[in-house]
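Written below as structure tokens is the structure these notes are about.
A note on names: the letters A, B, ... follow the listed sequences, proteins ahead of strands, and every chain is numbered from 1.
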Number of protein chains: 2
Amino acid sequence: MTLPLREKRRQETALLIQRATLELAKENGLDAVTTDAIAAASGVSTRTFFNYYANKEAAAIGHPPEFTKEQMEALRAGTGPLVADLKQFLDSHMEALSEREDIVRLVGSVLRSNDKARGILEGLLAAERLVLTEALCARLNNRQTAASLANNATSAIGAAIFLWQKDGEIALSAALDIVWEGVIDASRLLSFKQDGEAQS
Amino acid sequence: MTLPLREKRRQETALLIQRATLELAKENGLDAVTTDAIAAASGVSTRTFFNYYANKEAAAIGHPPEFTKEQMEALRAGTGPLVADLKQFLDSHMEALSEREDIVRLVGSVLRSNDKARGILEGLLAAERLVLTEALCARLNNRQTAASLANNATSAIGAAIFLWQKDGEIALSAALDIVWEGVIDASRLLSFKQDGEAQS
DNA sequence: GTAATCCTTGCGCAGTCTGCAAAGTTTGCA
DNA sequence: TGCAAACTTTGCAGACTGCGCAAGGATTAC
């Protein structure tokens, strides 16, 4: 962890700008906030703001935690049954998100009212989903299956956040448990042997 | 089907503008296209363009086919096992998409390079997913399970389109079959009874 | 045929985002 | 420590986006 000063400053400023953006968006939504206002609140020039983020929506999203090397490795190595490993993987990612609960909550409200922000996050998630698909592929040797698993997993994270926001009482990890149970139930229904149908 | 003239014209113009937008975007991507250019190519004023679509990204997406009342009803009534009904539902929706293959292909390429367009489509899809969730809820009495099923279903449509675009040989319906098989396989893995784990 | 309703359009304004070049910081190396 | 190379910040100018407004044109219902 011996980052050069430059790098460190950059990360700090990026986070500072994100917080300023979200703070301003709380009032009347992100659309009502100008880039000039964000720059001013962050203590940088407007031009510099655009050196950090391509637009205000990207600033609101910031840099969400990615799947770490350790998490991916644990999943690929695979000690237990796949379901358990996957759940563990999601739990550990959820924990990373919990450390920025305030930001997660604010980002969530921006997403509800801003198409562009949604698209940006969706792009980031798609990349993560691809990474996860690759890792699962190594364990399964079937791309479509791996892709579907990755989809269920990443969607579960989003659904858990949604549930957590709506409820307001339960913890993020508890929300994930509830959502995951639904995923498993749905899987039972989908994999149920059909009455008179042929089954490969 | 006795639409007033106004309504009909409106739909035609909306489609015309969408086609013009996609046509112009083929060259250098949507970002390189100005709203003035789209308006000129569509034979309307720039101001009128904005009466049809909120922005050029929305114009590129247009108005994708929604789940029809008949499709939803068939799913809710539910004659066979759920998996079969769901597959049938997806097949019929895929058929609707096949009738606009040219547009689907162009929209796909816009989505790859434009965050805002992705967000807009994602918003439309989320609404559809919600409709589907409601319908499944009526049959299942469990919201989380219904949501997971709806997620798997709508994601499958997207994945099928992706596969169809990448491959270039297979038909949309065939692509859906391949994707769906992956979904079922993944479900088997997820619902697999775990070794020593407790099972509710 | 006529009144009510809805659509289109030009104009103007506030805001977004980029290229460029000058000025300021940080880094590595001697 | 001190200096050159590499990188950052910033102001400015300029093209593009998106919307409110109000006048004029088309369509509808009766």
Side-chain angles (χ1 to χ4, degrees), chain A residues 1-18 20-22 24-25 27-63 110 113-120 123, chain B residues 1-18 20-22 24-25 27-63 110 113-120 123:
Chain A
M1 284 303 248
T2 168
L3 289 180
L5 179 56
R6 242 178 215 166
E7 193 87 6
K8 201 179 148 203
R9 281 241 182 112
R10 207 176 162 81
Q11 288 183 9
E12 280 169 6
T13 309
L15 191 56
L16 192 102
I17 293 178
Q18 183 186 13
T21 306
L22 291 171
L24 289 170
E27 307 273 320
N28 298 307
L30 187 56
D31 289 339
V33 180
T34 67
T35 50
D36 281 344
I38 297 171
S42 313
V44 299
S45 74
T46 304
R47 190 63 188 80
T48 299
F49 166 82
F50 284 107
N51 288 347
Y52 279 87
Y53 295 105
N55 47 58
K56 62 184 176 187
E57 286 80 14
I61 301 292
H63 302 284
V110 164
S113 65
N114 190 300
D115 286 334
K116 195 167 177 181
R118 212 196 338 260
I120 291 170
Chain B
M1 282 310 239
T2 165
L3 290 181
L5 180 55
R6 241 178 215 162
E7 193 86 3
K8 201 178 147 202
R9 279 238 185 113
R10 207 176 161 82
Q11 287 185 9
E12 280 169 5
T13 310
L15 190 57
L16 192 101
I17 293 178
Q18 183 186 12
T21 306
L22 291 170
L24 289 170
E27 307 273 318
N28 298 308
L30 187 56
D31 289 340
V33 180
T34 68
T35 50
D36 281 343
I38 296 171
S42 313
V44 298
S45 75
T46 305
R47 192 62 189 78
T48 299
F49 167 83
F50 284 108
N51 288 345
Y52 279 86
Y53 295 106
N55 47 58
K56 62 185 174 187
E57 286 80 13
I61 300 290
H63 303 284
V110 164
S113 65
N114 189 300
D115 285 334
K116 194 167 177 182
R118 208 187 355 249
I120 291 170

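In this structure the side chain of A/L22 reaches within 4.5 angstrom of the side chain of A/V110, judged on heavy atoms. Residues A/T35 and A/N55 are not in side-chain contact: their nearest non-hydrogen atoms beyond the backbone lie 4.5 Å or more apart. Residues A/L24 and A/I38 form a side-chain contact, since some pair of their non-hydrogen atoms from C-beta on lies under 4.5 Å apart.
Taking B/T48 as the reference, B/S45 meet the side chain to side chain donor-acceptor pair (under 3.5 Å) condition, with sequence neighbours excluded. In this structure, B/A40 has no side chain to side chain contact (heavy atoms under 4.5 Å, CB included) partners at least two apart in sequence or on a different chain. A/T34 pairs by the side chain to side chain donor-acceptor pair (under 3.5 Å) definition with nothing, not counting sequence neighbours.
At whole-Å resolution of the value, NZ in B/K56 and P in D/dA15 are 16 Å apart. Nucleotide D/dC16 holds its P atom 13 Å from the CD1 atom of B/I38, rounded to whole Å. Rounded to whole Å, the distance from CD on B/E12 to C1' on C/dC7 is 16 Å. Rounding to whole angstrom units, CD of residue B/E57 and C1' of C/dT16 are separated by 13 Å. Separating the CG atom of B/N55 from the P atom of D/dT17 is a distance of 10 Å, rounded to the nearest angstrom. Taking atom CG on A/D36 and atom P on D/dC12, their separation rounds to 13 Å, with Å as the unit. Atom CG in A/D115 sits roughly 12 Å away from atom P in D/dG18 (whole-Å rounding). What separates CZ of B/F50 from C1' of D/dC21 is a distance of 16 Å, to the nearest Å.
Identified under the ring pair (Phe, Tyr, Trp, His ring centres under 6.0 Å) test for residues 27-63 of chain B, with sequence neighbours left out: B/Y53-B/H63.
No side-chain donor from either of B/R118 and B/N114 sits under 3.5 Å from a side-chain acceptor of the other.
Residue A/E27 qualifies as open at atom CD: its count of foreign heavy atoms under 6.0 Å is 12 or below.
Taking the screw axis at each terminus of the helix from C/dG1-D/dC30 to C/dA30-D/dT1 from five consecutive base pairs, the angle between the two is 40° to within rounding of 10 degrees.
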**Protein-to-nucleotide contact annotation, 5' to 3' order, nucleotides 8-14 of chain C [B base; S sugar-phosphate only; - none; under 4.0 Å, heavy atom]** = BBBB---
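Contact check, B/R9 against D/dA26: no side-chain N or O comes under 4.0 Å of OP1 or OP2. Close to C/dT16, at under 4.0 Å from its OP1 or OP2, lies no side-chain N or O of B/K116.
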